[in-house]
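These notes concern the structure reproduced below.
Just so you know, these numbers come straight off a predicted model, no measurement behind them.
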Amino acid sequence: MKTKSIIASLMTTVTLISVTMPMVASADVVTTASSSQVTNIIQPADTVLNQTTSENALDNATYATFDFLNLPIKGGTQTMIANDGTVTNYSMTPVINPLLRVSNGQYKINAWGIGWNVTFYINVSSNNITSANNLDYIILGPVNSASVKVDSSKQATARFSFSTPIYNVLSWTGWVRATINSSNQIVITNN
């Protein structure tokens with residue numbers, strides 16, 4: 001009986017430590033591969049490239065849409081509240097000369113909420129995403145893996161996998177995605 005009590009106390013302590021201590025990581029990965037990483041777990045929010053992400057977004061996902069033509073030089077930020085009350089902030093900022101042709105350049109994609117903040121960069125040429133790189137994130141809790149990649153010419157995704165700190169009893173995935181919709185706007189979503 002004493003052993004169960006010690007194990008339960010140890011599990012509670014480790015869980016509390018992992019929840020209260022954010023994991024900070026940075027990955028500088030440049031990839032243009034189009035194969036999906038976790039095909040059985042993560043379903044694409046935009047399955048048909050000519051549909052907007054909002055039409056296919058998961059029930060608990062929120063999204064923000066940014067127009068290249070109306071994006072200020074300093075970028076834009078949108079705050080969204082999901083049906084369950086979760087608040088998520090999205091921002092998009094031009095990095096390379098915004099005076100170039102509107103659909104060309106590098107853009108900083110950022111999404112954040114309580115206990116997490118994800119940033120990555122996309123390069124856009126002729127309304128196509130050509131690369132995704134410089135993934136930076138702060139996520140409260142243990143992150144098993146993180147990557148950013150171009151899924152298609154219209155979509156780039158930062159993916160994360162998580163598990164419980166002891167024995168990997170539970171695991172789940174999350175992502176932040178930038179998609180160019182049929183109106184040539186950037187739609188940022190997450191799950």
Calculate, to the nearest 0.5 Å, the distance between atoms [atom1] and [atom2] belonging to [X] and [Y] respectively.
X	Y	atom1	atom2	answer
I138	T119	CD1	OG1	8.5 Å
M80	T86	CE	OG1	14.0 Å
N181	K154	CG	NZ	9.0 Å
N127	S182	CG	OG	11.5 Å

Under the side-chain hydrogen bond (donor to acceptor under 3.5 Å, both in side chains) criterion, do S131 and N123 qualify, and how do the steps go?
CA-CA 5 Å; S131 66; N123 290 307; 2.6 Å; yes
Would you say [X] and [Y] make side-chain contact, with heavy atoms under 4.5 Å?
X	Y	value
T179	I186	no
N133	F120	no
R159	R177	yes
W116	T88	yes

So if you build clusters from Ile, Leu, Val, Met, Phe, Trp, Tyr with side-chain heavy-atom gaps below 4.5 Å, do V187 and W112 land together?
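No, V187 and W112 fall in different hydrophobic clusters.
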Please identify each residue that fulfils ring-ring contact (aromatic ring centres under 6.0 Å, His included) with F66, with sequence neighbours left out.
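With sequence neighbours excluded, F66 shows a ring-ring contact (aromatic ring centres under 6.0 Å, His included) to no residue whatsoever.
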Tell me if a side-chain donor or acceptor on [X] pairs with a main-chain N or O of [Y] at a distance below 3.5 Å.
X	Y	value
N134	Y121	no
N89	T77	no
N128	T130	no

Can you list the steps and then say if T93 with I73 is a side-chain contact (heavy atoms from CB on, under 4.5 Å)?
CA-CA 7 Å; T93 308; I73 292 175; over 6 Å; no
Donor-acceptor side-chain pairing of D151 and T157 below 3.5 angstrom
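Distance-only check passes for D151 and T157.
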Is there a donor-acceptor contact under 3.5 Å linking the side chains of S161 and T173?
no
Which heavy-atom pair separates V148 from A132 by the least distance, and what is that distance?
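Heavy atoms of V148 and A132 come nearest at CG2-CB, 3.8 Å.
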Closest approach of Q155 and I129, non-hydrogen atoms and distance?
N-CD1, 3.7 Å
Verdict with supporting geometry, I188 and V176, side-chain contact (heavy atoms from CB on, under 4.5 Å)
CA-CA 7 Å; I188 305 172; V176 174; 4.2 Å; yes
Out of the candidates I122, V95, V124, only one should pair with Q106 under the side-chain contact (heavy atoms from CB on, under 4.5 Å) rule; please name it.
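Testing Q106 for a side-chain contact (heavy atoms from CB on, under 4.5 Å) against I122, V95, V124 leaves exactly one candidate, V95.
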For a side-chain contact (heavy atoms from CB on, under 4.5 Å) with D67, tell me which candidate from N70, L71, T65 qualifies.
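Of N70, L71, T65, side-chain contact (heavy atoms from CB on, under 4.5 Å) with D67 is met by N70 alone.
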Applying the side-chain hydrogen bond (donor to acceptor under 3.5 Å, both in side chains) criterion to N190, which one of W175, Y63, Y90 satisfies it?
Y90
Given the rule in the side-chain contact (heavy atoms from CB on, under 4.5 Å) test, do N117 and Y137 qualify, once you have shown the distances and angles that lead to the verdict?
CA-CA 5 Å; N117 187 337; Y137 62 90; over 6 Å; no
